[in-house]
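Step one of this worksheet: look at the structure below.
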Amino acid sequence: MSDIEVLLPDGSARTLSEGASALDLASQIGARLAKDALAATVNGDLTDLTKPLPAGATVAIVTPASDLGREVLRHSTAHVLAQAVTRLWPGAHYAIGPAIRDGFYYDFSLPNGARFSDDDLGRIEAEMRVIMGENQPFVREEFSYDDGLALFADQPFKVEIITGVRDGATPEDASEVSGSVVSTYSNSPAFKDLCRGPHVPSTARLGHFKLMRVAGAYWRGDEKRPQLQRIYGTAWESKDALAAHLTQLEEAEKRDHRRLGQELDLFSFPSELGPGLAVFHPKGGTMRRVMEEYSRSRHVAAGYEFVNSPHITKAELFETSGHLQWFADGMYPPMDLDDGQQYYLKPMNCPFHVLIFKARQRSYRELPLRMFEFGTVYRYEKSGAVHGLTRVRGLTQDDAHIFCTREQMRDELVSLLTFVLDLLRDFGLNEFYLELSTRPAGKAVGTDEEWNEAEATLAEVATNAGLELVMDHGGGAFYGPKISVQAKDAIGRTHQLSTIQLDFQLPQRFDTSYIANDNARHRPIMIHRALFGSVERFMALLIEHYAGNIPTWMSPEQVRVLGVRDDHDAYAYDIAAALKQDGVRVSVEAANEPLGARIRRAKLEKVPYILVVGDDDVASGTLGINARGANDPERGVTLEEFRRRLSEEISSHGSPELTRGA
RNA sequence: GCCUGGGUAGCUCAGCCGGCAGAGCAGCUCAUUCGUAAUGAGCAGGUCAGGGGUUCGAUUCCCCUCCCAGGCUCCA
């Protein structure tokens with residue numbers, strides 16, 4: 001038998017006997033690696049450890065504590081989940097069970113229409129641990145399509161996957177099947193699953209997992225197809241990694257804007273109003289006002305005009321714009337008024353701005369014309385889709401529409417992108433990437449030429465911005481492509497924020513024109529853009545980004561002054577009055593309770609600065625500062641010094657507690 | 001819209017097999033005057049989401065509606 005040579009990721013070569021597997025390679029390198037190994041990549045493709053290696057291949061051993069390793073063990077855990085479910089519910093049909101971010105899921109259809117309940121998760125988990133204890137090897141086999149169909153004759157979803165791949169109808173299922181054969185993995189004679197693999201060598205290699213929840217999921221993600229029962233789980237390479245993940249989930253829950261909105265008395269969703277309809281309380285209203293005022297001032301500086309439009313309009317407007325044709329499902333049903341007219345709540349502001357443009361003849365000298373409005377719109381979201389402030393039925397967009405010439409378009413987009421990123425940075429977001437959404441298949445209006453030009457321009461501007469650009473093929477709106485700015489928050493989640501959308505269509509539909517210097521009518525280009533997206537959603541993001549520690553400049557209450565004893569209250573009010581002169585949002589809590597209790601309350605309310613004043617301060621005109629997130633309070637600071645520091649922090653939009661690690 | 005789970009005092013939650021509705025915090029009153037995360041006592045607070053049904057009796061069991069959560073679908 002001859003030898004083969006394979007390359008390791010570091011470029012070094014190893015000699016193995018022909019037919020040797022990645023597991024043999026791992027053993028040659030070290031016993032510990034062989035023990036850890038879960039799978040391998042051969043020339044970049046993920047495969048089983050036991051598969052013979054081709055000569056000259058570049059081979060890397062996949063170990064648990066890596067992205068690929070976790071993917072493999074999550075996928076294998078999903079198989080064990082399916083096996084456990086078929087043990088507990090004989091006759092259960094299992095559909096697909098991939099690894100996903102942080103875990104895995106598997107979709108099932110139980111016999112006789114049975115459904116999982118949350119209580120079943122414990123039983124299933126226990127059965128999974130039994131299977132893992134049985135140390136079952138994952139064994140790969142390959143079958144022809146016909147044999148595969150026979151094998152899974154009583155598993156309709158598997159049959160559909162195999163026939164779909166055989167007939168080339170569903171290329172995405174190629175992940176379940178490879179080449180002209182179907183592959184299966186069985187970890188016991190009693191359980192075989194259609195799967196491309198790879199899998200861990202044995203079920204005993206699994207175990208640091210937890211089933212999280214049961215949910216409904218449509219087969220193939222299609223509303224019109226049967227709804228399956230999906231079980232979600234999380235799985236990790238070690239007990240510690242699992243525990244860390246669960247802790248992180250708890251941390252994320254603590255900064256959930258819905259919870260903080262309640263705790264900090266910012267907003268609520270009275271059930272009397274219906275789903276997705278929020279009211280802002282005084283504190284939330286203050287934060288929102290500051291956000292909006294700052295945005296307005298920036299827009300003024302950037303040359304925007306301010307406009308306003310009503311919340312309802314005759315159907316005609318949205319017939320002309322095309323919204324009724326495309327998005328009637330997402331609009332509130334019309335009100336029939338007594339003259340037979342139908343009126344709609346507006347789902348978008350753009351048609352109104354077009355009408356403002358059209359209110360009189362426009363000259364090229366007026367372009368670019370930038371119209372801004374905090375426009376409140378209403379969208380009839382499906383009842384199951386609403387979510388806190390991030391997905392609501394009534395929302396306010398920081399919406400603007402820019403009318404410009406084709407020649408101005410590029411420059412306008414460049415300065416717009418700079419403007420967007422500057423503004424977001426002022427709110428404390430610093431990590432971005434851009435996404436370019438292109439023509440949606442089947443539902444776009446407009447010519448190929450228009451789309452191609454729009455997409456090319458946006459791509460050029462996005463590339464020049466120097467940020468990472470991700471393509472979202474087919475993700476554009478029906479009327480034009482868009483760039484969206486994705487921002488990363490303090491715990492690493494990304495959120496789609498600003499969108500900049502090109503639109504060749506609306507100006508046409510409304511027959512919009514301006515007179516150019518050639519004395520002829522020309523069609524303007526329209527750019528739709530929102531920076532916050534929705535004020536509500538942006539506020540939710542900020543609350544979570546800052547974990548409720550709203551930066552001082554936006555904080556509803558910036559300073560609270562506490563006298564140590566009630567004979568210090570008068571001095572406390574003097575301090576507050578002085579700060580009010582600077583425009584600071586300050587309150588005084590009189591000394592009816594022990595100082596510790598009042599400090600605790602202010603801390604829980606996340607007031608940025610608690611000022612404590614006692615005998616020493618009254619005597620020497622000073623104050624004590626207990627700053628949010630600081631380890632120790634500071635004593636004997638002069639009022640002037642505090643005013644200086646505070647105004648510096650507010651005007652710079654600072655958020656020192658982030659750097660203090662609060 | 002669909003699936004699963006939930007809705008008990010302002011908030012967080014307990015309440016077993018159907019038998020007079022509970023706690024902590026918050027609120028109010030009184031006392032306490034205190035230097036950096038909870039002073040004490042007392043009081044008040046409920047259509048157990050809403051409606052219907054079963055039952056001698058329903059917060060509890062069943063049905064419908066509303067609202068919430070996690071998913072699926074959707075997101076101009």
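Note on naming: letters A, B, ... go to the chains in the order of the sequence lines (proteins, then strands), and numbering restarts at 1 for each one.
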Dump the pairs, protein N or O against N or O of nucleotides 64-69 of chain B, anything under 3.5 Å, distances to one decimal.
| from | atom 1 | to | atom 2 | distance (Å) |
| --- | --- | --- | --- | --- |
| B:rA69 | OP1 | A:Arg258 | NH1 | 3.4 |
| B:rA69 | O3' | A:Arg258 | NH1 | 3.2 |

Sugar-phosphate only, base, or nothing, as touched by A:Gly322 at under 4.0 Å among non-hydrogen atoms: nothing
cation_pi(A:Lys346, A:Phe352) dist<6.0 Å, angle<=45: yes
Phosphate-side-chain proximity, A:Tyr218 and B:rG1, N/O vs OP1/OP2 below 4.0 Å: no
Per-nucleotide protein contact string for nucleotides 31-43 of chain B (B base, S sugar-phosphate only, - none; heavy atom under 4.0 Å): -BBBBBBBB----
For B:rA23, the Watson-Crick or wobble counterpart (both distances under 3.5 Å): B:rU12
B:rC11 and B:rC20, which share atom name P, separated by this distance in whole Å: 26 Å
Parallel, tilted or perpendicular, as decided by the 30° and 60° cut-offs, for the rings of A:His245 and A:Trp236: tilted
Atom-pair distance (CD on A:Glu381; P on B:rC75), nearest Å: 10 Å
All N/O pairs under 3.5 Å across the protein-nucleotides 4-15 of chain B interface:
| from | atom 1 | to | atom 2 | distance (Å) |
| --- | --- | --- | --- | --- |
| B:rU4 | O2' | A:Asp118 | OD1 | 3.1 |

Length of the line joining A:Glu263:CD and B:rC25:P, which is rounded to integer Å: 17 Å
Cation-pi geometry met for A:Arg230 and A:Tyr105 (6.0 Å, 45°): yes
